[in-house]
Visitor: 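Dumping the structure here so I can ask a few things about it.
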Amino acid sequence: MQGAFQAGILALVARIPAGRVMTYGQLALLAGAPGAARQAGQVMNGLTAETALPWHRVINAQGRVSTYKVGTGDLQEQLLRAEGVAFDETGRCDLATLQWWPEGTPAAPPDPLF
DNA sequence: AGTCTGACACCCG
DNA sequence: ACGGGTGCCAGAC
């Protein structure tokens with residue numbers, strides 16, 4: 001714990017508006033660690049249970065929830081649906097429409113890795 | 001303390 | 001188009 005990386009992730013997650021989502025890679029990128037998408041997930045893993053953050057708004061770059069097999073199943077998907085996020089039958093959502101970028105963030109991924 | 005794994009993403013073959 | 005390997009940071013063993 002206690003890393004600028006993690007702090008950035010949490011801050012970003014906390015700012016995700018209802019009905020919007022962000023990807024792990026995006027969080028990692030904005031947190032200052034492009035390519036560390038995996039760790040974004042790891043951070044969530046340790047905090048989801050004890051943190052009151054909208055962790056369910058964090059999905060993978062495929063527009064698919066990654067925790068569908070965790071806990072009650074599609075809990076994350078259900079939470080998002082309750083917020084107005086539309087999932088298709090394959091469990092995917094439209095990132096182009098639902099992906100949220102913080103204020104002043106270039107909508108175009110300037111990533112060196114992406 | 002060291003090592004492996006992990007809820008992803010990208011490059012290469 | 002598909003599969004495998006590597007990178008990143010933070011936890012768990």
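Computation of the quantities below employed the complete heavy-atom set of this structure, encompassing side-chain atoms and omitting hydrogens, waters and symmetry-equivalent molecules. Reminder, nothing fancy here: chain letters follow the sequence lines and each chain counts from 1.
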Visitor: What is the distance, to the nearest angstrom, from the CG atom on A:Leu27 to the C1' atom on C:dC9?
Guide: 14 Å
Visitor: Are the side chains of A:Val58 and A:Val21 in touch, meaning some heavy atoms are under 4.5 Å apart?
Guide: no
Visitor: Polar pairs (N or O, both sides) under 3.5 Å between protein and nucleotides 2-6 of chain B?
Guide:
{"from": "B:dG6", "atom 1": "N7", "to": "A:Arg38", "atom 2": "NH1", "distance (Å)": "3.4"}
{"from": "B:dG6", "atom 1": "N7", "to": "A:Arg38", "atom 2": "NH2", "distance (Å)": "3.0"}
{"from": "B:dG6", "atom 1": "N1", "to": "A:Gln39", "atom 2": "NE2", "distance (Å)": "2.6"}
{"from": "B:dG6", "atom 1": "N2", "to": "A:Gln39", "atom 2": "NE2", "distance (Å)": "2.9"}
{"from": "B:dG6", "atom 1": "N3", "to": "A:Gln42", "atom 2": "OE1", "distance (Å)": "3.2"}

Visitor: Over how many whole Å does the gap from A:Leu30 atom CG to B:dA9 atom C1' extend?
Guide: 15 Å
Visitor: Got more than 12 heavy atoms from elsewhere within 6.0 Å of CZ, A:Arg15?
Guide: no
Visitor: Taking CD from A:Gln26 and C1' from C:dC8, how many angstroms apart are they, rounded to a whole number?
Guide: 17 Å
Visitor: Could you list the residues that satisfy side-chain contact (heavy atoms from CB on, under 4.5 Å) with A:Glu83, not counting sequence neighbours?
Guide: A:Ala18, A:His56, A:Arg57, A:Leu80
Visitor: To the nearest angstrom, how far is A:Tyr24 atom OH from C:dA10 atom C1'?
Guide: 14 Å
Visitor: Tell me: CZ of A:Phe5 to P of B:dA9, nearest whole Å?
Guide: 12 Å
Visitor: Going by heavy atoms in the side chains, are A:Arg64 and A:Ile59 under 4.5 Å from each other?
Guide: no
Visitor: Rounded to whole angstrom units, what separation is found between the CG atom of A:Leu10 and the C1' atom of C:dA10?
Guide: 12 Å
Visitor: Out of C:dA10, C:dC9, B:dA7, which nucleotide sits closest to the side chain of A:Gln6?
Guide: C:dA10
Visitor: Quick one: A:Met44 CE to B:dA9 P, roughly how many Å, whole number?
Guide: 13 Å
Visitor: Identify all side-chain donor-acceptor contacts of residues 87-95 of chain A below 3.5 Å with residues at least two apart in sequence or on another chain.
Guide:
{"from": "A:Asp88", "atom 1": "OD1", "to": "A:Thr90", "atom 2": "N", "distance (Å)": "2.9"}
{"from": "A:Asp88", "atom 1": "OD1", "to": "A:Thr90", "atom 2": "OG1", "distance (Å)": "2.7"}
{"from": "A:Asp88", "atom 1": "OD1", "to": "A:Gly91", "atom 2": "N", "distance (Å)": "3.0"}
{"from": "A:Asp88", "atom 1": "OD1", "to": "A:Arg92", "atom 2": "N", "distance (Å)": "2.8"}
{"from": "A:Asp88", "atom 1": "OD2", "to": "A:Thr90", "atom 2": "OG1", "distance (Å)": "3.3"}
{"from": "A:Arg92", "atom 1": "NE", "to": "A:Gln62", "atom 2": "O", "distance (Å)": "3.3"}
{"from": "A:Arg92", "atom 1": "NH1", "to": "A:Gln62", "atom 2": "O", "distance (Å)": "2.6"}
{"from": "A:Asp94", "atom 1": "OD1", "to": "A:Ala96", "atom 2": "N", "distance (Å)": "3.1"}
{"from": "A:Asp94", "atom 1": "OD2", "to": "A:Thr97", "atom 2": "OG1", "distance (Å)": "2.8"}

Visitor: What is the separation between atom CZ on A:Arg92 and atom P on B:dC8, rounded to the nearest whole Å?
Guide: 14 Å
Visitor: Taking the side chain as every heavy atom from C-beta outward, state whether A:Gln76 and A:Trp55 have any pair of such atoms under 4.5 Å apart.
Guide: yes
